[in-house]
Structures are given as C-alpha cells and as structure tokens.
Engineer: 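Quick one: the structure is below, and I'll ask about it shortly.
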Number of protein chains: 2
Amino acid sequence: MPRRRITQTDVAAMAGVSQATVSFVLNGSTPAGVRISEETRQRVLDAIRITGYTANPAAQRLAGGLAQILGVFTYEATFPRASRDFYGPFLTGIEHAAERLGVDILLFTSAPVADGRRRLTRDGWQRLGVADGCLLLGQHEHRGELQHLLDTNYPFVFIGKRGSDGGRLPYVGADYVGGTVRQIDRLVAHGHQRIGYVGMRGTDQPTLDRVEGYRDAMKAHGLTTRFVELEDVAATAAEIVDQRFTAVVVAPENHPEELADELERRGRRVPDDVSVLLLGQPHHPRRDGRQWSGFSVPREEMGARALYLLSRLVSDDGPRRERERERDARRPAAVTEAELHQILVCPDVEGATVAPPAGAPPGADAP
Amino acid sequence: MPRRRITQTDVAAMAGVSQATVSFVLNGSTPAGVRISEETRQRVLDAIRITGYTANPAAQRLAGGLAQILGVFTYEATFPRASRDFYGPFLTGIEHAAERLGVDILLFTSAPVADGRRRLTRDGWQRLGVADGCLLLGQHEHRGELQHLLDTNYPFVFIGKRGSDGGRLPYVGADYVGGTVRQIDRLVAHGHQRIGYVGMRGTDQPTLDRVEGYRDAMKAHGLTTRFVELEDVAATAAEIVDQRFTAVVVAPENHPEELADELERRGRRVPDDVSVLLLGQPHHPRRDGRQWSGFSVPREEMGARALYLLSRLVSDDGPRRERERERDARRPAAVTEAELHQILVCPDVEGATVAPPAGAPPGADAP
DNA sequence: AGCTGCTAATAATGCGCATCATCAGATTGA
DNA sequence: TCAATCTGATGATGCGCATTATTAGCAGCT
C-alpha cells in the first residue's frame, strides 16, 4: 500500500532534533545566524541516510518561491510533423543550459496550435505562471500578448532579434546583418561585381536584416544592388542568367537546391559560372553532401544564452531579491542593458559554392 | 512594481467571497456536500478573468491536487547534439496528445546526462513529483529507480515494450515480433529460401523480439535459421555472399547502406541478387531517395498513446479516486490490464529493396 | 550577583491550495 | 411556534518545507 513519504519531520524525530534543524543541515547555508554543531549535523545526516529521506520539490517551491522551472513557448508546434524540425537546434542548446542550471523545462503544449500557430490565449497565457519565466520562440508572435507580458512584469526572453518594440523586449538574436555583409565582402574579394540578392520581400526580422546587410555592403564597395524577387525558381534562374550575375546571395527559404538545378539546366554551373552564398542555415542538407557556402546561425548557442539570460532575469525578480531591494533601494539592476539584447555572430561557412567569377584574373583567387 | 503572484485569496477578495469558495468554483466538483450558487460562481469566474489568476502548481501538488502537468523523462539527452534525433517522432506524438488533453509537458532536464545517460538520481527522481505522472523513454533504465517508482505508486508509462518485470510496468510498445514475421512471410512468398538474419546479439527488447520473430517465422516455413553477427560490415557482406543468401533481414543499427555498398562491390546488387529488408526505422534516409523495404515503427502514435494512458493512470490514481476507492472497495480498477500493455502494429513499408530471388520462376513474383 | 556576548538550537510562521467540519439563514413540516 | 431540513457558504486545517524570531545555556567580565 502507498507508503507515506518520509518527511523532514520523520528525520528530525529519529535524530532527536527539530524539523528546522534538519532543514538547516540540508541547506548548509544559514541565512540568519543559525549554527549547528558538527555532532548534531552528523546525527541528522545519519538519520537521512537511514531513512532514505528525499525532499518534496512541491513543498520546497511553495516555501521558497521559485519553482526552478523555466518555460518554453513556441508559436508553432514544437515538434512539427512534416518539415525538418526548426526548433531542434534551439532546444538542444536550451536543454544543455537547463542541465547546467539545474532547472526543468516546461513545454506549453496545453495551448493548441490552430492554423499552424499557437496563440497565447487567456487560458494558455495563464499557464505561463507555472514557470518562473519563459522563452518565446517563433515568428508569429502576437502584439497584445506581449504587451500583457510586459505589463505584468513576467520574465521572458525572445529567441530571435526583435527590433520592433523600441528595445523593451529582451532577446538573444543572430547577426544576420553582419553575416550578410561578410558574404558580400567575400565575393568582392574574389573579384565579383555583379552580385544579386535572391529572396522574397518580407517584414520578418531576418529578411530585413539580410537586405540591410546587402545594401550596406554593396554600397560600401560602390556596387549596384540588384534584387531578384520571383515566386518561381525557374524564373529566378532565368533572371540570374539574363542579368549575367556572377554571384548571388540567397535566403535559405528560397529553395537553393532547386535554384542550382535550374541554373545547371541553363548551362550555368555552381560555383564555376555562378557563386551561390546562403544567408543562413540550409533547410535541407545538399544531395551531394557538399555544403553551401555562406554563414550559419548559432542556434544552439542562442538557445543556451537565452536560457541563461532568462535565469538571470528570474532570479532578479525573484522573492529573495525582492526583499533585498526593499531594504536597499539603491541596489542597481543586476541585469545590464547589454545583456538584455544579445546579438551573436553568425560564423562563415566555407562550403563549396563559391569561386572566382569566370574569366577573372588568377590572382583574384586568393583574397 | 514587484509582481506578486495573484492567488486565490486575491480573487476571493475581489469577488467578495472566501478563498475556499474560489477553490470550489475552480475544481467544479465539491467533494463534501458543498454547493455554490450560479451567481457567486459567475462573480468568481469574472474575478479570475480580470485578475488573470493562475493556479500555483506547487501548491496544488502539495495540497494533493493535480497540476495538469505530465512529465517526460528521457534516459539519454532529449535533444542529442550530433546524431539524428531519436526521440523526435515520439515527442511529436506526445505534443499532439498533450494539446488534446490540455496538459503541459515537463522535460526533466535538471538531472544531468552523465556518461551518455541520464540517471534518475535521488535528487532527480524527487523532481518527478512536480508532474502528476511521467513518461519514460530510453533503453538504459535503472532497476532500482523503477522499483522506487512502483513502491511509491507514482504514475508512469514506458515508451517501448518492457518484458522484464512480469507485467508490472505499464508500457506502449511496438510489435517487432509480428513485424519481423511478416517480413519473412513476404520473402517466402517471393520464393526465397536462404534467408539470413543480420544483427548483433543484444538483450534489449527490440533485438530479442526481432530474433524471436525470425525464429518463429522460419520455423513455420520449415526453413533453416542462419545468423550473421559480425562487427565488420565488409565481413558481413562477404558472409552473405559466401552463404549464398538470396535475402537478409537487417536491424536498422547495422548500417544497411554500407552493407548494400559492400554487396555491390562484390557484384551482388540489391535487390536483384539479394533482397534486404529492414526491421525497423532506418537511421538515415537513403542516398538515392529510394526506401528500404521492411517495416516501420509507429513512433508518433506510440508517444500519443503513451500520454493518453498516462493521463488515465493519473486520474485513476489521483487523490479523489483514492478516497472513492476507500469507501467502495468493490469499484473495479478503471484502467484495464489490456490498456496497461499496448503493442502497436508496425506497418509494412513496400520500399525498393525486395525482389524475387535470382532465377526464380516468373510466377513467384506475384504472391 | 548582575551583565554582556556568544553558541546551539527550537518555536512559530507562511507559502497557496484542497478539503473537511461547521455554520448562518431560509424554508418547510407538524 | 419551534424543531427539522436544506441551501450556500465560511473558517480552520494541513500538505512539507524555508526562514525568521526567539530562547536556553554557558562562559567571561565587572
């Protein structure tokens, strides 16, 4: 039959001390000036060993304030059925950080995904409260919901840059601008002049940043920006040929593999005739195993950094700090502005899809 | 500024009722003969809506209620860094089920993965208590830990068949035996006689079940069982050629792709000269895109079914039911034995790696 | 003896919630 | 008219723990 759990009180009884003493021994630190003699300490530890006592986490949390649980809210299904999982690398990083922090991760799956996106409905958002704080992943966030989070001072961190709200939203993002700039630099160093940008217009942050990087870099090199924005991959390939581009930078969602196929079909080989640089992670690995040149997004690190940041925000807002602050109002905020908005470098990927333009002087090969 | 959590007491104050009343309204059922008028009920619900109240799961658990949180414990890292994610499909199914049940999923990431496997240490296993129940994934479970779970009557469900404990462990598994038998049947129907089994010996359940299926099916057809168990893929291929097998069944962890390569190198083509059937999910997609013949493991469904089962166990074992049972000892267990051990069918995959044996009469092609 | 200072421990409190025992008031029955 | 019943709600309690406030005991000093 269900054995009753061993509690601190049981341990205390066996050791001939009070429950409080057991708690002190277990926590080591004694906030007030409480002291425990080495002898008593050993008696308690022995009793713990004999009884096999283990703390009840629910009670610990109730008493302590923090649950040691951090939430993860994804605006789309976390584990999508069809496509390659987008969240996977982030979660890997998050899991790793969670281990190090000793916290558990709560996935908010109770809010249903409707229409491909998960809404932070009243019920859904209320459940956020079960975690000490929350990570937010995905593009399709909802303004009103965010406002609510800000208003209630609920600790959260976005994964992915959020430029829209005047710096009020904490995030850990990737440097798409810088990454894109470096790709252009690379091409120019190889001797390329006619460099096109292939990608659909969009208002999402990565797209805006890629375009910004492209514009800035081209301008800095005194080159003309040329955008190719076509629904059809075949048409895009045709346009590239028509415009006699020697290189293009492509957003990963623009089917680079198919694009390369179409180019080959038109007698242009990659990278011999046209260099193709990918501005971010490819959605699928290449058929022939050779990698795309371009830059990669440090998704695992983003996940980990975001969780660390969240953890800091939480403990700053936590009950202990709360009390400390009441006593000493001058205490500065522990989390600095710089920490609140982190942009991580996107490392270059050497890859196999970049080469000097056809007919370039041999010297241009070695930048 | 300080964001104190909204509690039932706050809600009660706003609605002009007692905390107990709020609790009753929230829980719907009223264990004792307590009644709440519709009007009061609405006032409370309004106050909840306005304040955005959320129950504190720790307190709920401590007080003996349900937190609507189900845990997922994986014996290996949930999101592995390098290899293809093994847990992915399971989690997809789990997430889907969680949505339908309206529960959140707690990943027990606080227990660190040491040596490739996560231990349900003293501390770790404590933390299970936050969730109402828990799903267990992975091969490397630890006996003592499981015993502890059983002793304390904590609700849990294994994903993957567990034959070892005399039917005391609830699980949702896959029918490797039946799947393997059907593969042999398939081959025999095609006219194959010399059918080898390629795979390393092991004590894990899938391996035991594959071997059992192979043995039973070969025996039923009056054929001789032949095992190939070699570390080296090349040696395995050589053995297959030597033994003049016309077909082999292979466990997915035995590098079937490399095996096929080695066979080709020795002048045996798949499937023209040797049919190869895979006993489970391939670890990697095939290079040429054509699928392995064999059977697949319904991992998503396993995840979903396991979560549903766990949900049932939880509500059966919940504090409410507990008390009901005390009053009426004759009440039958709500979860039947059959539900406790579910074996799901592994659907055949047609694939492109099976054919009649070379030199077989044409009629044998159409079973 | 009276006081201070120090060590070692305990009693008491509250975290937020579910639940049991109880109670006030309204309605009914005889 | 007064007890019996029913309705609608409240107060009190405890879950197991962390933490604060308090006490008991004792040595050293004046």
Side-chain angles (χ1 to χ4, degrees), chain A residues 2 4-13 15-44 48 51 53-68 129-130 132 318-320 322-324 327, chain B residues 4-13 15-44 48 51 53-68 126 129-130 132 318-324 326-327:
Chain A
R4 199 175 58 79
R5 276 186 85 131
I6 307 272
T7 72
Q8 285 190 354
T9 308
D10 299 323
V11 174
V17 297
S18 70
Q19 173 264 317
T21 302
V22 175
S23 176
F24 289 137
V25 168
L26 281 171
N27 292 324
S29 70
T30 50
V34 178
R35 279 132 212 287
I36 305 290
S37 71
E38 188 52 32
E39 190 213 321
T40 306
R41 202 184 139 63
Q42 281 307 327
R43 274 217 318 283
V44 170
I48 288 174
T51 56
Y53 163 80
T54 48
N56 177 333
Q60 280 182 309
R61 265 159 235 150
L62 228 209
L66 289 187
Q68 299 298 354
V130 311
D132 301 328
R320 198 157 314 174
E322 208 78 57
R323 254 169 287 139
E324 287 176 16
R327 285 183 209 141
Chain B
R4 197 175 58 79
R5 274 192 78 125
I6 307 272
T7 72
Q8 285 190 352
T9 308
D10 300 322
V11 173
V17 297
S18 71
Q19 175 265 318
T21 301
V22 175
S23 177
F24 288 137
V25 168
L26 281 171
N27 291 323
S29 67
T30 51
V34 177
R35 280 133 210 287
I36 305 289
S37 71
E38 187 52 32
E39 191 212 319
T40 306
R41 201 183 138 64
Q42 281 307 327
R43 273 217 317 283
V44 171
I48 288 174
T51 55
Y53 163 81
T54 354
N56 178 332
Q60 283 181 307
R61 289 293 290 162
L62 188 56
L66 292 182
Q68 297 300 344
Q126 296 307 335
V130 222
D132 301 328
R320 204 156 309 171
R321 286 297 176 107
E322 207 77 56
R323 255 168 290 133
E324 286 176 17
E326 277 167 23
R327 286 184 209 139

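Just the heavy atoms: all of them, side chains too, but no hydrogens, waters or symmetry mates, feed the values below. Bear in mind that the values here come from a model prediction, so they are computed numbers and not experimental data. To find a chain, count down the sequence lines: A is the first, B the second, and so on, and within it residues start at 1.
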Engineer: Within the pair A:Thr9 and D:dC17, is there a side-chain N or O less than 4.0 Å away from OP1 or OP2?
Structural biologist: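 Looking at the OP1 and OP2 atoms of D:dC17, neither is under 4.0 Å from any side-chain N or O of A:Thr9.
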Engineer: Within this structure, what is the CZ-to-P distance between A:Arg61 and D:dC17, rounded to whole angstrom?
Structural biologist: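 One finds 12 Å between P of D:dC17 and CZ of A:Arg61, rounded.
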Engineer: Crowded around B:Glu38 CD? As in, over 12 foreign heavy atoms under 6.0 Å?
Structural biologist: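 Yes - once you tally the heavy atoms of other residues, nucleotides and ligands closer than 6.0 Å, there are more than 12.
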Engineer: Just N and O in the side chain of B:Ser18: are any of them under 4.0 Å from OP1 or OP2 of D:dA9?
Structural biologist: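 It does not, given that no N or O in the side chain of B:Ser18 lies less than 4.0 Å from OP1 or OP2 of D:dA9.
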Engineer: Please confirm whether the shortest side-chain N or O distance from A:Asn56 to OP1 or OP2 of D:dC17 is below 4.0 Å.
Structural biologist: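 For D:dC17, neither OP1 nor OP2 has a side-chain N or O of A:Asn56 closer than 4.0 Å.
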Engineer: What integer distance in Å separates A:Leu62:CG from D:dG14:C1'?
Structural biologist: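 Spelled out: CG on A:Leu62 to C1' on D:dG14 is 12 Å.
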Engineer: Taking any heavy-atom pair under 4.0 Å as a contact, classify A:Val22: base, sugar-phosphate, or nothing.
Structural biologist: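 Counting heavy atoms under 4.0 Å across all strands, no contact is made by A:Val22.
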Engineer: Nearest whole angstrom, please: distance from the C1' of C:dA18 to the CG of B:Leu26.
Structural biologist: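 To the nearest whole Å, that distance equals 11 Å.
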Engineer: Distance check needed: C:dA8 P versus A:Gln42 CD, whole Å only.
Structural biologist: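 In whole Å, C:dA8 P lies 15 Å from A:Gln42 CD.
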Engineer: Name the closest nucleotide to the B:Thr7 side chain, picking from C:dT7, C:dC17, C:dT10.
Structural biologist: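 Looking only at side-chain atoms, B:Thr7 lies closest to C:dC17.
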Engineer: Name the residue closer to the 5' end of DNA chain D, choosing between B:Arg41 and A:Gln19 according to the nucleotide with the nearest heavy atom.
Structural biologist: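 Result of the comparison: B:Arg41.
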Engineer: When the distance from CZ of B:Arg35 to C1' of C:dT22 is rounded to whole Å, what number comes out?
Structural biologist: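 Value for this atom pair: 16 Å.
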Engineer: Identify the heavy atoms of B:Val130 and B:Ala67 that sit nearest to each other, and give their distance.
Structural biologist: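 Heavy-atom minimum between the residues: O-CB, 4.2 Å.
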Engineer: Nearest to the A:Asn27 side chain among C:dC15, C:dA18, D:dT19, which nucleotide is it?
Structural biologist: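 Closest nucleotide to the A:Asn27 side chain: D:dT19.
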Engineer: Which nucleotide wins on minimum distance to the side chain of B:Ala20, given the candidates C:dC17, D:dA12, C:dA8?
Structural biologist: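 Out of C:dC17, D:dA12, C:dA8, the nucleotide with an atom closest to B:Ala20's side chain is D:dA12.
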Engineer: Heavy atoms under 4.0 Å, any strand shown: does A:Thr40 hit a base, just sugar-phosphate, or nothing?
Structural biologist: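 A:Thr40: backbone/sugar contact only, no base atoms under 4.0 Å.
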Engineer: Under 4.0 Å: is that the gap between some side-chain N or O of A:Gln8 and OP1 or OP2 of D:dA18?
Structural biologist: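 Result: yes.
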Engineer: Can you identify which nucleotide, out of D:dT19, D:dG11, C:dC17, has its nearest atom closest to the B:Ala63 side chain?
Structural biologist: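 Looking only at side-chain atoms, B:Ala63 lies closest to C:dC17.
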Engineer: Does a side-chain N or O from A:Thr21 land closer than 4.0 Å to OP1 or OP2 of C:dT10, or not?
Structural biologist: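 Yes, within the criterion.
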Engineer: First locate atom CD of A:Gln42, then atom CD1 of A:Ile36, and finally report the distance between them rounded to the nearest 0.5 Å.
Structural biologist: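 Atom-to-atom, A:Gln42:CD and A:Ile36:CD1 are 12.5 Å apart.
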Engineer: Kindly point out which of D:dC17, C:dA9, D:dG16 is positioned nearest to the side chain of A:Tyr53?
Structural biologist: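 Per side-chain heavy atoms of A:Tyr53, the pick is D:dC17.
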Engineer: Restricting to non-hydrogen atoms, name the atom on B:Val44 and the atom on B:Ala15 that form the minimum distance, rounded to 0.1 Å.
Structural biologist: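 Shortest heavy-atom separation between B:Val44 and B:Ala15 comes out as CA-CB, 4.0 Å.
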Engineer: If you compare every side-chain N and O of A:Gln60 against the phosphate oxygens of D:dG16 (OP1, OP2), does one of them come in below 4.0 Å?
Structural biologist: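 Indeed not, no polar side-chain atom of A:Gln60 lies that close.
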Engineer: Which angle, to the nearest 10 degrees, lies between the helix axes at the two ends of the helix from C:dA1-D:dT30 to C:dA30-D:dT1, each defined by five pairs?
Structural biologist: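 It works out to 80° between the end axes.
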